[in-house]
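Please read the structure below before turning to the comments.
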Amino acid sequence: MSFTLGPNNYGKSGIRLVRVGRESSRHDLRDLTVHTALSGDLDATHYRGDNTGVLPTDTQKNTVYAFARDGVDAIETFAERLARHFVDATPSITRARVRIEQHHWTRIGDHSFTRGEGGELRTTEVAYDGRTATTTAGVTDLLLLNTTDSAFSGFLVDEYTTLPETDDRILATAVTAAWDYQAEDPDDAFYEHAFTRARGALLAAFADTHSLSLQQTLYAVGERILKAIPEVGEVRLSMPNRHHYLYDLDRFGLDNPGMVFQAGDLPYGLIEGTVRREEA
Ligand SMILES: O=c1[nH]c(=O)c2[nH]c(=O)[nH]c2[nH]1
């Protein structure tokens, strides 16, 4: 029998980096989690334990902190700087993927911040192969809820179907979205502006779509982001259906006109899809 090594990568996951910008008395705060993943000519370490081509994951972590000394502006440009460095400075490494999650703090003073509940993260992932860098941006765990304007009816019914049709329900989700950028020489200002517009388009589409299904809402969200940002070619969306069950108050002689719900946990529906710009 013979065996061979398949695709592989290695890196440091969960590098927690907090950077304070002290350019003025109004401090800037960046709170990031960085993940690195490198691949290349690494047969020797896997087959024989020859580590001459291995840039330690500990070094990758140190590089993240050292690069942060120069400044962290848009997470997209910071991730690209790191990805380019790992490939360009390391002969054995031909491909780097750097993912960053940004934790959001709201300013409450010149040097004071608060972090709300919810856990929404801004994300980026940059892949660099020594020639081109591809950049995606997005969000995870963006919590959204509509108290009405959501229905689900007309679905397939078979011998196992018990779900009643509804013309008014709570629609709640925790959006994970990622979109690519195809921009000429994007800079920090481009990434900040594009992210703000994409997030705004996402929120607006969720709020003002009369939803006949979460699938339809997903498509509306993707389409709105594509309309808002010409440099985006594709939006990938993952939207769990955080079910809310109308509680049966009949048993207590009470009516329940869409007011009292039990928030569900597991299992949950998971609606995922990609919305693309059609080639001209
Ligand atoms: O928006 C929905 N889409 C579904 O596919 C589905 N299935 C289900 O049970 N409830 C819902 N809601």
Side-chain angles (χ1 to χ4, degrees), residues 7-24 26-42 53-105 113 120-140 176-199 229 231-234 236:
N8 60 88
N9 55 257
Y10 79 108
K12 197 68 110 187
S13 267
I15 304 165
R16 295 284 293 112
L17 162 67
V18 174
R19 186 184 188 279
V20 178
R22 293 170 170 267
E23 286 69 29
S24 78
R26 190 175 164 82
H27 287 175
D28 179 60
L29 176 69
R30 290 296 148 120
D31 183 347
L32 311 180
T33 302
V34 183
H35 313 269
T36 63
L38 310 185
S39 49
D41 181 11
L42 294 163
V54 176
L55 184 74
T57 66
D58 189 65
T59 307
Q60 297 173 39
K61 175 201 69 183
N62 290 343
T63 307
V64 170
Y65 288 105
F67 275 36
R69 176 64 182 86
D70 300 335
V72 179
D73 202 327
I75 53 174
E76 290 86 353
T77 53
F78 188 56
E80 183 174 339
R81 226 185 118 205
L82 287 162
R84 286 183 181 276
H85 165 78
F86 289 130
V87 174
D88 294 344
T90 321
S92 56
I93 299 303
T94 53
R95 193 178 155 81
R97 200 175 67 233
V98 177
R99 177 177 170 81
I100 300 181
E101 291 134 15
Q102 179 170 348
H103 310 266
H104 182 69
W105 290 87
F113 301 84
E120 177 189 347
L121 301 172
R122 172 176 166 177
T123 62
T124 187
E125 189 169 306
V126 174
Y128 176 65
D129 64 2
R131 292 213 324 254
T132 47
T134 59
T135 301
T136 67
V139 289
T140 64
T176 295
W179 50 87
D180 64 322
Y181 288 123
Q182 285 137 20
E184 292 277 321
D185 293 328
D187 57 6
D188 292 300
F190 167 83
Y191 287 123
E192 297 298 347
H193 183 66
F195 177 80
T196 304
R197 292 200 61 188
R199 186 176 181 280
I229 309 159
E231 291 86 356
V232 172
E234 181 177 296
R236 295 181 292 281

Check: How about Arg16 and Asp31: do any of their side-chain heavy atoms sit closer than 4.5 Å?
Finding: yes
Next item on the list: Could you tell me the separation between the CD atom of Glu120 and the CD atom of Gln102, rounded to the nearest 0.5 Å?
Entry: 10.5 Å
Item checked: Asp180 side chain to Glu234 backbone, donor-acceptor under 3.5 Å -> yes
Next item on the list: Decide, yes or no, whether a salt bridge links Arg197 with Glu231 under the criterion of side-chain N to carboxylate O below 4.0 Å.
Entry: no
Check: Between Asp73 and Tyr191, is any side-chain donor less than 3.5 angstrom from a side-chain acceptor?
Finding: no
Margin query: When you compare the side chain of Val54 with that of Tyr10, does any pair of heavy atoms fall below 4.5 Å?
Written below: yes
Notebook entry, point to check: Does any non-hydrogen side-chain atom of Tyr65 lie less than 4.5 Å from one of Ile15?
Noted result: yes
Margin query: Contact between Arg81 and Asp70 at the side-chain level, heavy atoms closer than 4.5 Å - yes or no?
Written below: yes
Note to self: Between Gln60 and Thr36, do the side chains contain a donor N or O and an acceptor N or O under 3.5 Å apart?
What the structure shows: yes
Check: Are any side-chain N or O atoms of Arg97 and backbone N or O atoms of Tyr128, one a donor and one an acceptor, separated by less than 3.5 Å?
Finding: no
Next item on the list: Determine whether Val87 and Asp129 make a side-chain contact, defined as any pair of heavy atoms from C-beta on separated by less than 4.5 Å.
Entry: no
Next item on the list: For Ala96 and Leu38, work out which heavy atoms get closest and say how close.
Entry: CB-CD2, 3.6 Å
Margin query: Donor-acceptor check, side chain of His35 to backbone of Gly14, threshold 3.5 angstrom: yes or no?
Written below: yes
Checklist line | Smallest separation among heavy atoms of Arg95 and Ala127, with atom names | finding: NH2-CB, 3.7 Å
Item checked: Smallest separation among heavy atoms of Val126 and Ala79, with atom names -> CG2-CB, 3.6 Å
Margin query: Are Phe78 and Leu17 packed together at the side-chain level, in the sense that at least one heavy-atom pair is separated by less than 4.5 angstrom?
Written below: yes
Check: Has the side chain of Thr124 got a donor or acceptor atom that lies under 3.5 Å from a matching backbone atom of Thr136?
Finding: yes
Next item on the list: For the residue pair Leu29 and Val18, establish whether any side-chain heavy-atom pair is separated by less than 4.5 Å.
Entry: yes
Note to self: Going by side-chain hydrogen bond (donor to acceptor under 3.5 Å, both in side chains), Lys61 matches just one of Thr57, Asp58, Thr59. Which one?
What the structure shows: Asp58
Next item on the list: Enter the distance from Asp187:CG to Thr77:OG1 here, rounded to the nearest 0.5 Å.
Entry: 8.5 Å
Margin query: Evaluate Phe190 against Asp185 for side chain to side chain contact (heavy atoms under 4.5 Å, CB included), listing each step before the verdict.
Written below: CA-CA 9 Å; Phe190 167 83; Asp185 293 328; over 6 Å; no
Note to self: Any heavy-atom pair between the side chains of His103 and Leu121 that's under 4.5 Å?
What the structure shows: yes
